[in-house]
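Quick notes on the structure that follows.
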Amino acid sequence: MSEKDPYPYVSKEEKRIPIEDPTGKWSDLVLLPEWEEEIYNVYTVKKHGKWVMLKALKPEYADKPEYQAILEKEFDIRYNLCHPNIVMVNDLEKVPGVGLAIITDDVYGYSLRRLIDEKRLTPKIVQRLETQLLDAMQYIQENHISHVPLTPETIIFTEYNENLKLTNVGYDQKSFLSEQDTRQDIASYGKIVNEVLDHLPTNLPKLRRIANKCENKDHGYRTVTDLQLDMERRSSSQIYIFLCCFIVIMAFILIWLTL
């Protein structure tokens, strides 16, 4: 990886920011406008020579106590989350040139939004949406986490193995989630999958049916578990069809060999 371009996968709008740190702890600060949120900027930076990511308040909010409290609350909630498909939070720390920031694991990869826009969707990405995203949603709901709606911008796929990571969770933790909260997640999932299907070169009618049902808030799935069960039945059906085709092909080969 070139030192001149430490993050070659980020958008051209990225902004490298000079950072003054006499301790040498922090270096190579880069603003990632592609991943910004309503009140937050997102950065990548080296901490003791290791890449991490930062989530910090935008300058217009940084000195306001009410927004600082929001940042600290999100850290408190996200710090206790532990799931392989959710970006891990490691610390809350003041960073030169940035201010107080949530420190997370580095996510070397691409947002789903970028993959859609650049027509770089793969079968593995679709499979990850069917499994890993639903697993992460189930975990969030089991922990009663309230958050902004899921979007392609908040879903990251790592560069080398295309594992899915959610970047934007943990705004509030409630004693329970209402049915409206859970159905909002399911509706967001359906919207994401439908957009992905719109940009695939092939039709997946069963997955499209599931996505449409997700977006139907009146007659759709009530829980993520219901959605997962339907998705598993779809996957089982595909495996059954494949096995039947395989058996038929093998039978024809055996018949041909015995002639």
Side-chain angles (χ1 to χ4, degrees), residues 7-15 30-45 51-61 67 70-71 74-75 77-78 81 83-89 98 101-122 124-137 139-141 145-159 161-172 181 184-200 211 214-215 224:
Y7 259 56
Y9 63 89
V10 301
S11 62
K12 294 180 180 178
E13 292 77 19
E14 72 187 40
K15 181 180 178 183
V30 180
L31 174 67
L32 306 178
E34 180 182 357
W35 295 357
E36 74 172 297
E37 301 174 24
E38 182 179 359
I39 65 172
Y40 296 118
N41 281 330
V42 178
Y43 306 82
T44 181
V45 69
W51 287 108
V52 296
M53 295 186 77
L54 310 177
K55 184 174 181 177
L57 293 169
K58 292 181 178 179
E60 59 266 36
Y61 304 112
Y67 289 101
I70 292 173
L71 176 69
E74 179 171 347
F75 167 76
I77 294 171
R78 289 187 62 182
L81 298 179
H83 190 278
N85 302 119
I86 297 175
V87 176
M88 294 292 295
V89 167
V98 172
I102 294 173
I103 316 295
T104 76
D105 286 347
D106 177 40
V107 182
Y108 189 85
Y110 305 83
S111 70
L112 179 58
R113 168 57 60 215
R114 187 172 178 184
L115 292 171
I116 291 173
D117 292 345
E118 295 181 359
K119 297 180 173 58
R120 297 170 60 188
L121 297 170
T122 67
K124 185 179 285 188
I125 286 173
V126 176
Q127 190 270 336
R128 300 295 198 227
L129 292 173
E130 295 174 351
T131 56
Q132 293 182 346
L133 180 54
L134 288 179
D135 287 344
M137 289 169 56
Y139 178 81
I140 289 168
Q141 292 194 359
I145 304 299
S146 171
H147 56 89
V148 296
L150 303 175
T151 66
E153 287 77 10
T154 61
I155 298 171
I156 305 299
F157 288 91
T158 56
E159 184 183 41
N161 53 18
E162 294 182 340
N163 275 330
L164 181 148
K165 298 281 186 179
L166 280 182
T167 65
N168 193 3
V169 295
Y171 282 89
D172 195 9
D181 291 326
Q184 176 62 58
D185 270 356
I186 293 170
S188 296
Y189 177 82
K191 185 176 181 180
I192 290 167
V193 172
N194 266 327
E195 183 174 359
V196 168
L197 292 174
D198 289 341
H199 290 82
L200 291 179
C214 287
E215 289 202 69
V224 175

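The analysis underlying the following values was restricted to heavy atoms, covering all of them including side chains, and did not include hydrogens, waters or symmetry mates.
Side chains of Asn41 and Pro59 form a contact here, defined as non-hydrogen atoms less than 4.5 Å apart. Between Ser188 and Thr151 there is no side-chain heavy-atom pair separated by less than 4.5 Å. Counting heavy atoms from C-beta outward, Val196 and Leu112 have side chains that approach closer than 4.5 Å. Using a 4.5 Å heavy-atom cutoff, the side chains of Leu166 and Leu133 are in contact. Contact check for Trp35 versus Thr167: no side-chain heavy atoms found under the 4.5 Å cut-off.
Atom CD1 of Ile125 and atom CG of Leu200 lie 9.5 Å apart (nearest 0.5 Å). Taken to the nearest 0.5 Å, the CG atom of Leu150 stands 11.0 Å off from the OH atom of Tyr189. To the nearest 0.5 Å, atoms CG (Asp135) and CD1 (Ile86) are separated by 10.0 Å. For the atom pair CG (Asn168) and CZ (Arg78), the distance works out to 7.0 Å, reported to the nearest 0.5 Å.
With a 6.0 Å cutoff to the six-membered ring centre and a 45° limit on the axis angle, Arg128 does not count as a cation-pi contact of Phe157.
Between Glu34 and Arg113, no side-chain nitrogen of the basic residue sits less than 4.0 Å from a carboxylate oxygen of the acidic one, so the salt-bridge criterion is not met.
A donor and an acceptor atom, one from each side chain of Asp185 and His147, are located under 3.5 Å apart.
Partner of Leu121 under the side chain to side chain contact (heavy atoms under 4.5 Å, CB included) criterion, out of Leu129, Val126, Leu197, Leu115: Leu115 alone.
Environment of CD in Glu60: crowded, with over 12 heavy atoms of neighbouring residues, nucleotides or ligands closer than 6.0 Å.
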